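Single-structure report; data block below.
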Amino acid sequence: MVHCPYCDAPFDLLVDLSGGDQQTWEDCPHCCAPIQVRIAVSSVDGDLEELTLGRDDEVL
């Protein structure tokens with residue numbers, strides 16, 4: 001469960017770790033605002049190291 005950086009509404013975010021580190025965009029299912037999603041995956045075991053959400057005008 002994550003929270004939208006705009007409206008703070010909680011929502012589930014499905015993350016595919018098989019692609020390694022990624023940066024993508026998702027729209028908030030509540031307010032439809034564009035959210036930057038940055039995913040850091042461990043190169044050792046393939047587990048999620050960090051998940052960062054930000055507004056579209058933030059630099060992640």
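Excluded from the calculations below are hydrogen atoms, water molecules and symmetry mates; all remaining heavy atoms, backbone and side chain alike, are included. The model shown is predicted, which means the values in this text are computed figures rather than measured ones.
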ask   = Is there a side chain to side chain contact (heavy atoms under 4.5 Å, CB included) between L51 and L13 once you walk through the steps?
value = CA-CA 10 Å; L51 177 66; L13 181 65; 4.3 Å; yes
note = Correct closest heavy-atom pair for C31 and C28 would be N-SG, 3.4 Å
ask   = Which pair of heavy atoms, one from P10 and one from H30, lies closest together, and at what distance?
value = O-NE2, 3.2 Å
query = Which ILVMFWY residues are connected to V44, directly or by a chain of links, through side-chain heavy atoms under 4.5 Å apart?
reply = none
message = Could you check whether any side-chain N or O of H3 sits under 3.5 Å from a backbone N or O of D8, counting only pairs where one atom can act as donor and the other as acceptor?
response = yes
task = Would you please name every residue forming a side chain to side chain contact (heavy atoms under 4.5 Å, CB included) with L17, sequence neighbours left out?
result = V15, I39, V41, L48
inquiry  = Once side-chain hydrogen bond (donor to acceptor under 3.5 Å, both in side chains) is applied, do any residues pair with D21, and if so which ones, sequence neighbours excluded?
reply    = none
ask   = When Ile, Leu, Val, Met, Phe, Trp and Tyr are grouped by side-chain heavy atoms lying under 4.5 Å apart, directly or through other members, which residues fall in the same group as M1?
value = none
message = Strictly by side chain to side chain donor-acceptor pair (under 3.5 Å), give each pair with a member in residues 51-60 just once, sequence neighbours left out.
response = Y6-D56, E50-T52
inquiry  = Show every side chain to side chain donor-acceptor pair (under 3.5 Å) that has at least one partner inside residues 35-47, sequence neighbours left out.
reply    = Q23-Q36, S42-D45
task = Please list, chain by chain and in numerical order, all residues satisfying side chain to side chain contact (heavy atoms under 4.5 Å, CB included) with P29, sequence neighbours excluded.
result = F11
request  = Kindly indicate whether the side chain of I35, heavy atoms from C-beta on, has any atom under 4.5 Å from the side chain of C4.
outcome  = yes
